[in-house]
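All remarks here apply to the structure that follows.
Just so we're on the same page: letters track the sequence lines, and every chain starts at 1.
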2 protein chains.
Amino acid sequence: MQLHKRDVIDAATAILDNFGMADLTMRRLARELAVSPGALYWHFANKQELLGAVADRILQPALEPHVPPGWRDQIADGCHRLRDALLSHTDGAELVSASFAAGQSAAMTEIVTRLAAAAADAGVAGSDAELAARTVVYYVLGFTADEQSRLQWDAAGATLPDGQSVLTAEPSRRFAFGLTVLIEGLAAHGDSELLATARDDLTQRRLG
Amino acid sequence: MQLHKRDVIDAATAILDNFGMADLTMRRLARELAVSPGALYWHFANKQELLGAVADRILQPALEPHVPPGWRDQIADGCHRLRDALLSHTDGAELVSASFAAGQSAAMTEIVTRLAAAAADAGVAGSDAELAARTVVYYVLGFTADEQSRLQWDAAGATLPDGQSVLTAEPSRRFAFGLTVLIEGLAAHGDSELLATARDDLTQRRLG
DNA sequence: ACCTGAACACCGTTCAAGT
DNA sequence: ACCTGAACACCGTTCAAGT
């Protein structure tokens, strides 16, 4: 039976979920698929490209189109869905972070584009909108990688008697806090930017 | 001649600067020091611990005490010094990011503590101050790792005719932009928090 | 206390040769 | 077109034995 890209990504995702990133090696993956390591290099140029494909698979659920109106909810919603997608797979945040940094995730590019559009709606001027989007993404990836490593660390160790408040509720509240800080910052910046544009507009009209 | 921790960190930093993170391996480091690989494990428990020590060395210049008064300048200054330290070594941002995520950098812990104190001054309530500090740190690490990888990528390739505006001035402006968004967000949050505290205070006084 | 030598159990990637 | 076999050039870590 022929080996397809899909099978490879499926098997890679399974290894990730069951054993984590450290075990997601080309050789191990080949063994699981019962092919020689070299076979993988017919379908993927290198390991980075393969990891990028796994990242895109993980991010699929976060890619449904924006439902909410209003840039604040668009950013908040996008970020929550991103976090949820990352938390759905072992070491998800770490994997996606690495793929994003290596520029190997088309899904992350799409997410940044959407967040940039929302930032533009907030009043952030042209070229800064993508930067604003990246700033938000740095937060989500950093926070979630941190959260996930702690989560996985004491998933093996001490199971706290309270299985909810500290382990799931608190992180979500904390995540929302940082998100609010960013959104309020964008609102403040956007407002002053819109003011400046309006001022220039008036000046233009007076001179024209 | 006896091998000391200092010598190991020195040699590791030299490899990093001259060849980058991919070449910073235990075996290569041992070769450079003319010892066997096993010797390193007398001085460091594992590679992560050694990388943490290199991270702390890199961060040394960012650890001079806060000079400016006012929480805004304290955050802005701290972040600029952090970025400068990271950019002073090849793959500096990547190395410090990894060490921070692994909880192996005492210097990063110190930096977070200082930023948290500034956030508290901004009016961010107790336990959220550290989270605010981490949020800022996620931004600096994310932005700088990104900046540095692009910088190093086209340091080998196309040397743009303009050697200043896009390669150094623009990144600095862009870095400041994201920082302002975060600081304004903290200001907005801090103000509303202070208002709430004041309101509670009044209520207490009315009831008491 | 500090280090060597040698081993253990792996890596990612390439590429002639096969079908 | 797709894959095997085997090699190349490495890894991090451990640990008995030496000084």
Side-chain angles (χ1 to χ4, degrees), chain A residues 1-16 18-55 90-91 94-99 101-105 149 153 156, chain B residues 1-16 18-55 90-91 94-99 101-105 149 153 156:
Chain A
M1 248 281 290
Q2 251 232 59
L3 190 63
H4 285 105
K5 260 180 145 114
R6 278 220 44 179
D7 310 324
V8 180
I9 298 169
D10 283 349
T13 307
I15 293 176
L16 190 71
N18 296 317
F19 306 96
M21 249 208 126
D23 283 279
L24 184 39
T25 69
M26 298 302 267
R27 294 178 104 100
R28 167 90 184 250
L29 180 55
R31 211 187 316 140
E32 219 89 21
L33 289 161
V35 297
S36 93
L40 298 174
Y41 289 86
W42 182 261
H43 301 275
F44 299 90
N46 47 47
K47 189 180 181 181
Q48 265 198 5
E49 196 180 297
L50 194 153
L51 292 183
V54 177
T90 309
D91 294 335
E94 197 189 328
L95 175 87
V96 170
S97 273
S99 295
Q104 294 282 4
S105 169
S149 84
W153 192 82
Chain B
M1 248 280 291
Q2 251 232 58
L3 190 63
H4 285 104
K5 259 180 146 115
R6 279 219 43 180
D7 310 323
V8 180
I9 298 169
D10 284 349
T13 307
I15 293 176
L16 190 71
N18 297 316
F19 306 96
M21 249 209 127
D23 284 278
L24 183 40
T25 68
M26 298 301 267
R27 293 179 104 101
R28 167 89 183 251
L29 180 54
R31 210 188 317 139
E32 219 90 21
L33 289 162
V35 297
S36 94
L40 298 174
Y41 290 86
W42 182 260
H43 301 276
F44 299 90
N46 48 46
K47 190 181 181 180
Q48 266 197 3
E49 195 179 299
L50 194 152
L51 291 182
V54 177
T90 308
D91 294 334
E94 198 188 328
L95 175 87
V96 170
S97 273
S99 295
Q104 293 283 4
S105 169
S149 86
W153 192 82

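The two residues A:Met21 and A:Leu51 come nearest to each other via the heavy atoms CE-CD1, 4.1 Å. When all heavy atoms of B:Val54 and B:Thr13 are compared, the closest pair comes out as CG1-OG1, 4.1 Å. Shown here for A:Ile9 and A:Ala53, the closest heavy-atom pair between the two residues is CD1-CB, 3.7 Å. Contact record, B:Leu50 with B:Ala12: CD2-CB, 4.1 Å, taken as the closest heavy-atom pair. Considering every non-hydrogen atom in both B:Val8 and B:Phe44, the closest pair reads CG1-CE1, 3.6 Å. Residues A:Leu40 and A:Met26 come closest through the heavy atom pair CD1-O, 3.2 Å.
A distance of 7.0 Å separates CG in A:Leu33 from CG in A:Asp7, rounded to the nearest 0.5 Å.
A:Asn18 places a side-chain N or O within 3.5 Å of a backbone atom of A:Ala14 that can act as its donor or acceptor partner. Checked by atom type and distance alone, the side chain of B:Asp23 never pairs as donor or acceptor with a backbone atom of B:Gly20 at under 3.5 Å. Between the side chain of B:His43 and the backbone N or O of B:Leu3 there is at least one donor-acceptor pair closer than 3.5 Å.
Boundaries of the chain A contact region on DNA chain D are D:dA1 to D:dA7, first to last in 5' to 3' order (nucleotide atom under 4.0 Å from a heavy atom).
In terms of position along DNA chain D, the nucleotide closest to A:Arg27 lies nearer the 5' end than the nucleotide closest to the other residue of the pair A:Arg27 and B:Arg28.
With the 3.5 Å cutoff on both pairing distances, Watson-Crick and G-U pairs in DNA chain D assemble into runs of at least 3 at C:4-8 with D:12-16, C:12-16 with D:4-8.
For the segment residues 31-49 of chain A, residues with any heavy atom less than 4.0 angstrom from an atom of DNA chain D are, sorted by number, A:Val35, A:Ser36, A:Gly38, A:Ala39, A:Trp42, A:His43.
Separation of the P atoms belonging to C:dA9 and D:dC8 is 22 Å when rounded to the nearest angstrom.
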